[in-house]
Every structure is written in structure tokens, then in C-alpha cells.
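Accompanying notes for the structure given below.
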Amino acid sequence: MKQVFVPPFPLKKAFFSHEMQEYLRTTYKREAYRFRQIETAIFHQREIDFAAMTNLPKQMRDDLARECTIIPFHLVKCVEDEEVVKFLFAGDDGQVFETVLMYHRSTHHESKLNRMTLCISSQVWCAVWCTFCVTGTLGLRRNLTMPEILGQVLYVNHYIKMKRGKKENGSWHGIRNVVYMGMGEPLMNYPNVKASVPYLTSEVYLGLSRRRVTISTSWFPHAIKTMADDKLPVSFAFSLHASTQALREELVPFAKRFPLDELMRLCDYYTQTTGQEIFYEYVIIDAVNDSDQCAHDTGKLLKWRRAHLNVIPYNESPAVTYREPSPDRVRRFQMIVKSYGVMVTIRQNRGRKSKGACWQLGREQAKILVWKGGKR
Ligand code: SF4
């Protein structure tokens with residue numbers, strides 16, 4: 001039977017869409033300073049509701065609230081434990097995506113919160129089909145718009161404000177790092193990802209340093225070159241996962257389309273053009289890519305490069321048959337790669353309780369779509 005799509009929520013235009021910004025600037029051209037007030041309220045006061053911007057005239061607040069919305073999606077579900085908060089959002093078309101807030105605590109005082117990192121999505125699900133990733137089993141639905149990408153950061157900063165209030169120095173608690181490592185391949189949605197970056201890094205807006213905003217890719221070659229040429233002010237992470245073409249094709253099926261040695265040449269081009277080192281991400285899986293040979297291959301691949309390897313122990317999921325390697329195995333892998341002079345960090349895996357680790361995203365979404373009668 002053919003399914004008829006009914007938008008689950010009333011449609012409003014996104015405040016940060018190009019179309020809405022043009023319309024509002026024309027409408028309020030004699031009160032341009034009002035835009036600065038709105039931006040200050042959103043980015044510095046962490047407001048996401050026009051009604052709370054009481055320095056604006058009431059009529060303007062009402063008009064804005066009627067015409068548009070700062071957050072162009074709705075919260076469906078929020079799951080929290082002491083390590084992560086996982087937000088499940090739905091766009092106006094009912095498509096769902098996830099955002100994960102990670103807490104980093106002091107190693108000396110467990111109760112002391114050091115910083116917060118937000119892992120944001122760039123697409124609704126993903127086309128890359130990594131075999132270890134639950135999201136990868138779902139296929140791509142659509143790209144997120146720029147306001148949807150930015151909205152994840154604004155929504156969560158507001159959430160943190162409501163939950164944690166101000167620090168001792170009077171400033172708001174907020175996100176310190178943003179990583180484009182949630183659902184989707186960010187470089188397959190490069191124009192919208194790129195458009196969202198200035199809102200994160202510019203002093204006028206959130207003012208995060210480039211070291212604290214990371215875009216990650218697993219294969220999309222053309223956009224790696226474009227991103228290098230654009231000198232986008234972000235850190236770059238390349239999802240390596242295997243250091244030979246054959247094993248990489250097993251884990252990242254899209255890798256068949258572009259050989260690893262050519263991807264590495266593009267990574268070198270990125271380093272030469274921007275002067276930045278690259279973070280290589282390596283999800284380490286028991287009896288798949290954790291052998292001594294794999295470690296030697298990785299050491300040889302990275303030893304002459306400006307590289308920092310992040311080894312991430314696999315986070316098991318009932319939806320995927322892979323297993324996590326033992327801590328001893330992971331440490332041995334690290335030791336071998338380090339022997340080639342490569343910087344290696346073993347990353348702590350977060351979100352096990354709430355299934356919030358990045359390659360576990362998607363499982364609940366599938367259930368929700370089934371519940372709504374949607375189809376994959
Ligand atoms: S790991 Fe990332 S790129 Fe690979 S399928 Fe999952 S979301 Fe897509």
C-alpha cells in the first residue's frame with residue numbers, strides 16, 4: 001500500500017536559513033541593530049526562544065515567533081547517564097537524527113566536570129555502510145540543512161544552561177568541543193557543513209577555537225581537497241580503521257571507490273596546504289584489525305606523516321557481530337604503532353549505557369520509524 005506522508009509538526013521556516021535571513025533583513029532594515037541583539041541572545045545568552053528576548057519589542061518577538069524558529073526540529077527523546085546525554089531529534093519532515101553530549105570528568109575528582117563535547121550529525125543516517133556501524137546499516141535518508149546542523153549546537157547549549165547554569169566566574173556552562181562525527185558522512189554534505197562552521201568558530205558567534213571543532217571523514221576525496229583549499233578553520237579527522245586497501249574495503253565498503261594510497265595523498269595535500277596535523281581514527285575490533293601485523297602496517301603508513309592516531313575500542317552492539325578487543329590487545333597495538341614514532345592515544349569509549357557511542361546511533365530510530373509506519 002502506498003504511504004501518504006503527513007508532516008508530524010507544523011512547518012515554520014528556520015531563522016538561520018538564507019531565505020529567512022534575507023526576508024527579515026528587508027523587513028527590519030531600519031532596525032538592523034535588532035539582529036545583533038538577537039544574535040547576542042542566541043549565541044551568548046544561549047536563548048532559543050524569541051519570547052525570552054525581552055529587549056526586543058513585543059510585536060517583533062510575536063512576529064518572529066509566528067514566522068520562524070531558531071531550532072528547526074523537535075526533541076523526540078532524551079536519554080542520559082553520567083557519561084553522555086543522547087538527544088533524538090525529528091525534523092519537520094519526521095526524519096530523525098541524533099546528537100550526543102559527552103561529559104569529560106577530572107581523572108583526580110570524578111565529580112568535577114572538565115569539559116563537554118558535542119557530537120553532531122550531518123545527515124539523516126548514512127550512505128557509507130561501514131560494517132561495524134549501526135547507522136551504516138540503515139542507508140542514507142537525506143542531508144541535514146545548515147540550520148539543522150547549527151541547531152543541534154544551539155539546542156544543547158540551551159539545555160546545558162538550563163541544567164547547569166553559570167560557572168563561578170559568571171559565564172554560562174557550555175559546549176567546548178564540537179565534532180562532526182555523528183550520523184552521516186560530513187563531507188558528503190560539505191556545503192551545509194561548511195556554512196555552519198563560522199557560527200561555531202567566529203568570535204562574533206560561539207568563538208570556539210579551530211582546535212575544538214573537528215570534521216571527520218571516512219573517504220570522500222573531492223571534498224578533502226576542497227576543504228584544504230578552503231582552509232576551513234577546523235581540525236580534520238580521517239577515519240582510517242585499516243591500513244591496507246583489502247581490509248579497509250571490508251570495513252568501509254565505499255573505500256572500493258577510492259584506493260587508500262590516493263586518499264593518503266589527499267591527506268598529505270591537506271597537511272601541506274593547511275599546515276595542520278591530521279587525527280587518524282582507528283576503531284579497533286577483536287580479531288579483525290587488532291593484530292600485530294595491522295599495528296605494524298599502521299605504524300609504517302603514518303610514520304612520516306603529521307599524524308596523531310586515536311585508537312577507539314569497538315563498542316559492541318546486538319545489531320553487529322563484531323567484538324571489542326581485550327585492553328591488553330589494545331595496549332599492545334598502541335605500543336607497536338608508537339614504536340614507529342607515531343603519537344597514539346587510546347580513546348575512552350563513552351555512552352555504553354545509553355547506546356550513545358557514535359557507531360551505535362540509529363538503532364532506536366529504526367524502531368521509531370517502524371512504530372510510525374514509516375518505511376526504510
Ligand atoms: S561510521 Fe560514520 S561514515 Fe561509517 S556508516 Fe557510520 S555514520 Fe556513516
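Along the sequence shown, residues are numbered consecutively beginning with 1. Order of listing sets the numbers, starting from 1, for every ligand and every atom in it.
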Given Pro186, Gly184, Pro253, Ser239, which one has a non-hydrogen atom that is nearest to atom 2 (Fe) of ligand 1?
Gly184
Applying ring-ring contact (aromatic ring centres under 6.0 Å, His included), can you list everything that pairs with Phe236, at least two apart in sequence or on another chain?
Tyr270
Which is closest to atom 6 (Fe) of ligand 1 in terms of heavy atoms, Cys133, Ser122, Ser121?
Cys133
Across all chains, not counting sequence neighbours, the side chain to side chain contact (heavy atoms under 4.5 Å, CB included) partners of Asp63 are Tyr28, Gln59, Arg66
Output yes if Cys130 passes the N/O/S-under-2.8 Å test against atom 6 (Fe) of ligand 1; output no otherwise.
no
Take the angle between the ring planes of Phe50 and Phe15 and call it parallel below 30°, perpendicular above 60°, tilted in between.
perpendicular
Is the NZ atom of Lys58 crowded by more than 12 outside heavy atoms at less than 6.0 Å?
no
